[in-house]
Amino acid sequence: MDPASESKMNSEGAEGRPAPPTSLPLQGGPAQRKKLSAPRISLSLDQSEDDLGETPDDLDINVDDLDTPDEGDYLDYTDHEMDGEEPRAANRNGTIPTCSAEEERQDGKLWRTVVIGEQEHRINMKSIESYQRVISHGGYYGNGVNAIIVFAACFLPDSDTEDYHEVMENLFLYVISTLELMVAEDYMIVYLNGATPHRRMPGLGWLKRCYHMIHRRLRKNLKSFIIVHPSWFIRTILAITRPFISTKFSNKIKYVNSLDELQELIPMEYVHIPECIIRLDEELREAAENSK
């Protein structure tokens with residue numbers, strides 16, 4: 001036996017496994033992948049003298065002797081409820097209430113965030129849903145960029161309305177924020193005072209706050225404040241507030257006793273006049289004709 005064969009036989013173990021190579025040739029010929037044969041692994045479960053130890057007798061398990069639960073032993077958790085507590089997320093039918101996409105979209109419309117005087121405010125739009133017609137855009141006058149803003153006092157809430165002060169607070173924010181959106185250049189305000197009972201007239205504090213909350217740009221760009229069908233009450237309020245307002249603003253106030261007079265001052269094509277004010281104007285005109 002030559003020395004090479006004897007060295008090869010000595011390198012094999014008792015089970016004939018070849019010894020792993022200790023080095024790979026790094027020279028000669030182009031680079032090739034070397035295939036190394038994995039050592040043989042014995043999967044026999046029989047005990048042999050090479051085993052690490054004997055299996056203890058107490059680990060012998062007979063599957064037939066195991067006590068497995070019956071089908072009736074399983075708990076049905078679908079109908080199981082904790083004693084004394086009902087699920088908060090489910091109703092009596094066992095279903096979880098969900099909101100539709102339309103409901104979520106409508107809920108998002110209930111609040112509007114506005115910035116007035118560099119301060120952020122939130123308006124509860126639901127509370128003023130019935131009173132949003134109080135302010136509207138009446139078109140333009142002059143060179144076509146000066147806006148006509150119509151304020152109809154007849155659409156204000158009654159003073160005995162539930163949560164009146166909260167409604168007026170939100171309506172105040174709505175009027176101021178809407179005015180800032182409608183006005184870009186010079187503008188005028190047409191205040192429709194007719195057909196407004198005393199219980200719907202805004203208080204002096206509310207009007208004063210509106211004036212002070214209006215941005216300086218809006219106060220400066222206001223060219224005219226026309227009051228249609230003025231009553232003694234509105235004249236008294238303006239007389240009381242005159243010391244608190246500037247002379248420039250006082251000079252912008254004009255009284256108009258009829259819609260015909262208003263039509264001589266501004267274009268009426270896009271000015272929305274409520275039906276109650278139209279009826280009042282007709283009654284006043286007929287009364288004036290009969291008194292002649």
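Worth saying up front: this structure is predicted, and the values here are computed from it rather than measured. Start at 1 with the first residue, then count along the sequence.
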Quick one, Glu162 with Val167, criterion side-chain contact (heavy atoms from CB on, under 4.5 Å). Give me CA distance, side-chain angles, the key distance, then yes/no.
CA-CA 8 Å; Glu162 184 179 2; Val167 172; over 6 Å; no

If you apply the rule side-chain contact (heavy atoms from CB on, under 4.5 Å), what do you find for Phe151 with Leu192, and how did you get there?
CA-CA 6 Å; Phe151 188 95; Leu192 302 177; over 6 Å; no

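- Contact of the Glu264 side chain with the Asp260 side chain is not registered, since no non-hydrogen atoms from C-beta on lie closer than 4.5 Å.
- His229 and Asp281 are linked by a side-chain donor-acceptor pair at a separation below 3.5 angstrom, with hydrogens and angles left out of the test.
- The distance from the CZ atom of Arg112 to the CE atom of Met125 is 4.0 Å, given to the nearest 0.5 Å.
- Looking at His198 and Phe233, their side chains come closer than 4.5 Å, going by heavy atoms from C-beta outward.
- A distance of 6.0 Å separates SG in Cys276 from CZ in Arg279, rounded to the nearest 0.5 Å.
- Outside the 6.0 Å centre-distance limit, the rings of Tyr270 and His137 are not counted as a close aromatic pair.
- Side-chain contact between Ile227 and Arg235: absent, with no pair of heavy atoms (C-beta onward) separated by less than 4.5 Å.
- Under the 4.5 Å side-chain criterion, counting only non-hydrogen atoms from C-beta, Ile226 is in contact with Leu262.
- Counting heavy atoms from C-beta on, the side chains of Leu218 and Glu180 come closer than 4.5 Å.
- When side chains are defined from C-beta on, Ser231 counts as touching Asn193, because their heavy atoms get closer than 4.5 Å.
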